Amino acid sequence: MMPKHVRNVLVQYGGLLAVLAVIVAVFSFQSQNFFQHSTLVSIANQIPDLTFIAVGMTLVLIVGGIDLSVGSLLALSSAVLGSLMVDHDWSLGTAAVLCLATGAACGLVNGAIAIGFRIPSFIVTLGMLEMARGATKVVTDSQTKYIGSAVEAIGQPLPGLLLSPAFLAALACVAAGQFLLTRTVFGRYCVAIGTNEEAVRMSGIRTAPYAMTVFVISGLMCGMAALAQTSRLSSADPNAAIGIELSAIAACVIGGTSLMGGRGSVISSFIGVLIIAVLQTGLAQIGVSDANKQIITGAVIVIAVLLDALRSRWDPTRP
Amino acid sequence: MMPKHVRNVLVQYGGLLAVLAVIVAVFSFQSQNFFQHSTLVSIANQIPDLTFIAVGMTLVLIVGGIDLSVGSLLALSSAVLGSLMVDHDWSLGTAAVLCLATGAACGLVNGAIAIGFRIPSFIVTLGMLEMARGATKVVTDSQTKYIGSAVEAIGQPLPGLLLSPAFLAALACVAAGQFLLTRTVFGRYCVAIGTNEEAVRMSGIRTAPYAMTVFVISGLMCGMAALAQTSRLSSADPNAAIGIELSAIAACVIGGTSLMGGRGSVISSFIGVLIIAVLQTGLAQIGVSDANKQIITGAVIVIAVLLDALRSRWDPTRP
Amino acid sequence: TTSTDADGTGDNGKPRVALIMKSLANEFFSTMADGAQAHQEENADDYALIVNGIKDERDLSRQVALVEEMVSSNVDAIVIAPADSKALVPALRRAQQAGVVVVNIDNRLDADVLKTEGITIPFVGPDNRAGAKKVGQYLANQLNGGDQVLVLEGIRTSFNAQQRREGFQQAMAEAGVEIVDSQSAEWEMSKANTIASSMLSEHPNAKAILAANDSMALGAVAAVRSAGRSDDVMIVGFDNISAVQQAIIDGKILATADQHGDQLAVFGIEAALKMLRDPDTKPEDVETPVDLIHQQTLTP
Amino acid sequence: MTSSPDLFTARGLCKRYGRVTVLKDCDVAIRGGEIHALLGANGAGKSTLVRMMAGLLEPTAGSMQLDSNDYAPNSKRDAEIAGVEIVQQELNLIATLSVAENLMLARLPSIGGVIRRGPLKDRSRAALDRVGLNDVPVDTPVAKLGVGKQQMVEIAAALDRKCRILILDEPTAALSAAESATLFRWLNKLRDAGVGIVYISHRLDEVAQLADRITVLRDGQKIGTFDATECSTDRMVELMSGDGGSDDSALHPSRRQVDTVLRVDALTGGLVDRVSFDVNRGERLGIAGLVGSGRTELLRLIFGADVATSGNVYLRDDATAYRFRHPRQAVAAGIAMVTEDRKDNGLLLSKSIQFNTTLASLRHRFATTGMVRGRIERSATQTQCDQLDIRCHTINQSVGTLSGGNQQKVAIAKWLVRDADVFLFDEPTRGIDVAARRRIYRLIDTLAKDGKGVVIVSSDLEELLETCDRIAVMSAGRLMETFERNDWSHDQIMQAAFSGYRNQETGA
Ligand SMILES: Nc1ncnc2c1ncn2[C@@H]1O[C@H](COP(=O)(O)OP(=O)(O)OP(=O)(O)O)[C@@H](O)[C@H]1O
Ligand SMILES: Nc1ncnc2c1ncn2[C@@H]1O[C@H](COP(=O)(O)OP(=O)(O)OP(=O)(O)O)[C@@H](O)[C@H]1O
Ligand SMILES: O[C@@H]1[C@H](O)[C@H](O)CO[C@H]1O
Ligand SMILES: [Mg+2]
Ligand SMILES: [Mg+2]
């Protein structure tokens, strides 16, 4: 039983894990400072933001949508948190609830417009990208809100564990997302809707509530990411997370999620996040020039997907 | 004959043109300086870059791909132009040829990898986005190349005509693109490939050359855009056109092009460009705050598409 | 607190200095990086240098990550041009706590936040307000009281953008010149071009554009040219990047401020090296010069 | 036959699209415990009618009653709750989900939203076994099944749900006789249990064998309801078409010439194992076999849609050995192929009739210097529409809005316009009505007369018996036997179709 399970994991994630391993190996070879404890902690500290967002994005892509507004939603949720704590002296707990609610509410608006009026989610979330960023500037008055130690606990390593609550929460979201996708009715319907919405409707299932929920989840994940990032920076920055949508989508697509909907895996997206994060960290540590950094990053992204594609073409069990 | 033609145009583009008219009306109402000659000239000067790119993007989207690298390709082509003219004293003519060749060559690489290895163009062009930006920094040594008057003719209004060669070339590309799409075998096959590639293949048509050509065209259009922008700014800026891919895709989608492929119109994308350009100019002109600028931009994009969707749902002749 | 030195200086015992900047695509920072690299080559025996930048000037979460990554790769000192005056402070405090020497250059960290975090970080850099004021005053000499001017601001969350805006405002107020519109073009050339074009349409009587950096000034030059008003609208910038020098000689830009970007990092690195050599030195701010640049200064 | 009370009645049902009326004032009554066939030519409105019954389409006017209660389903779900189930004409499976998930899609067994995988597996296994799909594992993705198996999965799903009215819209179009027989056994069982069954098919012999009553539609109007016993198949045709029985099955004239036009030599790839045969000019070769026996795969190998691992194809009297790597090469060499799954790889559903008709020959026949010549394109399309009697409002109508049979005609028209030496037809009359079917047989006859080689894969054995000069039988990927027109029998062919599997079992 167990060995078969292990084999399955290797078959499914083997290509990506191999790419990741190669990247780690190269960096370890290039810099003796790379493969060490503090680097791992530093990577573990950075990835929660992108991980949360990639979890939500995976689901959105699977139902055949896209969410470009994630960066702005992160900034807006963070701004709400910052403004409540700094300007109105709210406690972290209650402010955090409103931070999450902000993300979820914006996600609901995205979903309601895209699905209610049958407008491409690309456009709706692009509109939201602009609007939420504008709203962020209104909420913060275009000023960085410095919150200070009150918010730091979330991103600080737990004593003894060396991992932060944010990191653990991100892992939990990955696990929950994967479970949701593969083991629940909700998840299977999401896959079905992304594959052939018309056929799902013909089966007598109302698709709108599922697609809508997925956008809400994506918004909520932005709220989670906002908590993680705000705590890491001890501040809410109105310019936070500009362009993160491309990184998140890249992580998903590296992980094999299809932009056409119907196919994807949360765990693979997480491996995608790891690849991106390790690459960034490693390149910074070996100190290549900025220009080369970009050239290498671009090349590795393409090569990672290329290798995975070749592997799965060779793997007869995958469609 | 003619009236029917006019009616067709109105039916097809009516919704978008109405949105555009409303925007112009609102700005004219808000500022007595808006509806005047100098504003029109300023808009006509701004739009060639985005227009060229949107023409290429429309074709790419129609065959079911996406090109995220357009901004970087513009910057790289522009850097080549700037570096040849400033550092190597080339004449505008020969440097321009190399500038266009650079764009087209990168487009060819995009197409060859995406189609040759059957990797999502999203990832390939995302990789190219990073790589070409890195290459730009190498070519310019991260310096803005100030070229000066040698390059200005392209963007300067022609005497008597009040329109610049860049603007006229952009219009010509829109016309050519629309013709290509609707009247040629090439265009017909592009639409077919975007609709159902397998069915096209089973009709005995090789899809790869068509899709490939489309990526080359998109790259070439980036080269054209680079000429226009470099001439407008008299300089080659290694930071040029970051994020322009989202504006270009937005223009296409506002114009009704489907991200799923198989549907789109170059003229409609051009109207999308106009909507975006007029909005930007108008908002800057009436001087609303940065925050409100973004909120309004986001809202208008969504509303434009919403109105067009409602209209075409009401229009029984459209599928 | 020199525990990191023990292994960090492992290679040849040289201290390792990390220079963390903003967007390397902005010429200002590439000049800065070149200056630092040249300095390191001259002093190759004294220290090793790692240079890093972020994608664009707003990617501050990445910049915070860079700080952490540099700490974990055991550098001895960090010299940083922060993308945000507040949000970087906590990360820099953690760096200090890990025993890394930190020096702030270019864009000053927020004093209140530094106090709250209970740390001091020396600032090596120019007085941006004074520099902007100098440029503004030079422009005002060519204007008359009651004239209208336009301002292109940098990214509003950065301290130096705010300082330059204030410097411009002060100079204009003193000369009785009216700022009729002031918008942020986020340090970018093409954005500045769009915004300046629109502002010129809206304010046909404007006599000058004050840009908070040279990239935006170049965008404004193009806007003025395509509006056909090159002869009656003057432009000033800030930074003295090489691209504007030609434009100043050609008379397309009136003046700019040279904040000696190539030296800025060097000053910062030297301050850091000094603190490393002598852990007991009290960290002190160093004000670097800002010089006015115009046609006469460029054509001797 | 007892006349049990009506379970379902519809009065004055109408459906209009814009100005076009596709169903007018239709009254229907379905009794419990009967099999009620719905007949009509392509585009007559059969699918439209049953889609309204199943809550998939809203009537423009009219009312329905179930059990003498008003019945106006807003969705398929409403209809299911009321006890009305439908198997649609077009496949509606989710390619990325497993067979089990598809079978139970609207009723996934779960606790608190979490799927119970044990019961899911068991129940779907039972549903598959019921229709004889014992060899299909429940956890394979549906995309891996051939069209015929997919159709069986859809039927299995419907049979697994409890219902009072079961609607089957051309369920056997992609099934061969053996699978059909399993289905009929089940339908008879359900009838005995009191379920009202609405059965749509163009295979009239099936209808004659199965139905209790027959309702005929013509051009969107009901012609009448008849007892099956008083309706011969000839009479059915007459009712559907409105004119007296036409030329009907003329004697089969052989058009076979002496020279070979297609020779397949030991072609191997996927399931297909060393298949060899040849076809002469003017000859029509039928390929029979059970669902999943590899007929589609064989055609795909010949056509270069899949690449053969070994073996060759020879064309005309040319000695060149081909192994095509892309359909383009096959088309260039003179082969045309009408695919089985028109929705997936035969047609561009969102595009117009004209767009589809000229797709394969645009460059050769309708363009000069790369520019499309709209006028000749239109007239050629119009000609095909007339010749094949494609029922449409205009040639600009998107193919997706045509009735299933008319879609199939467009898929054929595409290749008639292109022309070739060898025509491969995969289930060419799937969903095509009797009259149109005749027209297509005549058309195939014309192709033969012109010296083309024709290969026809069909699950409808009658069709092959009627049209072909020879019939080859495939079983488990191998070509078992070939029969000449003069010495074939139904029985022998069925024997051959099973033979591959029997050998396998004994061999294993
Ligand atoms: N969305 C639509 N718009 C316009 N016409 C339509 C639409 N849907 C169906 N029709 C037309 O309605 C008519 C009846 O179609 P229907 O599918 O009911 O026929 P059918 O009897 O099932 O035929 P077949 O035997 O070919 O399946 C056809 O002429 C078809 O073109
Ligand atoms: N893409 C695929 N991947 C794996 N197996 C496949 C694939 N396509 C078909 N098969 C299998 O190959 C076998 C032969 O299928 P094929 O479609 O050629 O049969 P057929 O005789 O034409 O029957 P049908 O009536 O189902 O079309 C079937 O068992 C089918 O499940
Ligand atoms: O001081 C620098 C430069 O002026 C640059 O142009 C933008 O960033 C600022 O921090
Ligand atoms: Mg039908
Ligand atoms: Mg088949």
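For the numbers below, each heavy atom of this structure counts, side chains included, while hydrogens, waters and symmetry mates do not. Numbers restart at 1 for each chain; the letters A, B, ... are given by sequence-line order, proteins then strands. Remember, it's a predicted structure, so these values are computed and weren't measured experimentally.
- With a 4.5 angstrom heavy-atom cutoff, Thr39(B) touches chain C via backbone and side-chain atoms both.
- If you take CD on Gln280(B) and OG1 on Thr194(C), they are separated by 5.5 Å, rounding to the nearest 0.5 Å.
- Between the Gln246(C) side chain and the Gly148(B) main chain, no donor and acceptor come within less than 3.5 Å of each other.
- Proximity to chain B is absent for every atom of Ala223(C), based on heavy atoms less than 4.5 angstrom apart.
- Heavy-atom minimum distance, Asp181(C) versus Ala284(B): OD2-O, 4.2 Å.
- Partners of Ala265(C) under the side-chain contact (heavy atoms from CB on, under 4.5 Å) rule, at least two apart in sequence or in another chain, are Leu19(C), Met32(C), Ala36(C), Ile105(C).
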Q: Could you walk me through whether Arg225(C) and Ser234(B) pass side chain to side chain donor-acceptor pair (under 3.5 Å), step by step?
A: CA-CA 10 Å; Arg225(C) 173 165 51 77; Ser234(B) 310; 2.8 Å; yes
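- Scanning residues 67-89 of chain B against chain C with a 4.5 Å heavy-atom cutoff picks out nothing at all.
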Q: Quick one: do Ile241(C) and Gln143(B) satisfy side-chain contact (heavy atoms from CB on, under 4.5 Å)? Show the steps, please.
A: CA-CA 8 Å; Ile241(C) 62 175; Gln143(B) 309 271 312; over 6 Å; no
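- Options Ala277(B), Ala240(B), Ser31(B) differ in how many heavy-atom pairs under 4.5 Å they form with chain C, and the most are formed by Ser31(B).
- Checked against side-chain hydrogen bond (donor to acceptor under 3.5 Å, both in side chains), Gln36(B) has the following partners two or more places apart in sequence or in another chain: Ser38(B).
- With values rounded to the nearest 0.5 angstrom, Tyr146(B) atom OH is found 3.5 Å from Lys252(C) atom NZ.
- The NZ atom of Lys191(C) sits 12.5 Å away from atom CG of Asn239(B), with the distance rounded to the nearest 0.5 Å.
- Atom CG in Asp237(B) sits 8.0 Å away from atom OG in Ser190(C) (nearest 0.5 Å).
- Contacts from residues 285-298 of chain B to chain C, taken as heavy-atom pairs separated by less than 4.5 Å, involve Gln285(B), Gly287(B), Asp290(B), Lys293(B) in sequence order.
- Looking at Asp214(C), there are no atoms closer than 4.5 Å to chain B (heavy atoms on both sides), in backbone or side chain.
- With respect to chain B, the highest number of heavy-atom pairs below 4.5 Å among Ile195(C), Thr31(C), Asn193(C) belongs to Asn193(C).
- The distance from atom CG of Leu218(C) to atom OG1 of Thr144(B), rounded to the nearest 0.5 Å, is 6.5 Å.
- The backbone N or O of Ser142(B) lies less than 3.5 Å from a partner atom in the side chain of Ser30(C), making a donor-acceptor pair.
- Ranking Val41(B), Thr136(B), Asn45(B) against chain C, the residue ahead of the rest is Asn45(B), based on heavy-atom pairs under 4.5 Å.
- For the atom pair CG (Asp141(B)) and CG (Asp34(C)), the distance works out to 6.0 Å, reported to the nearest 0.5 Å.
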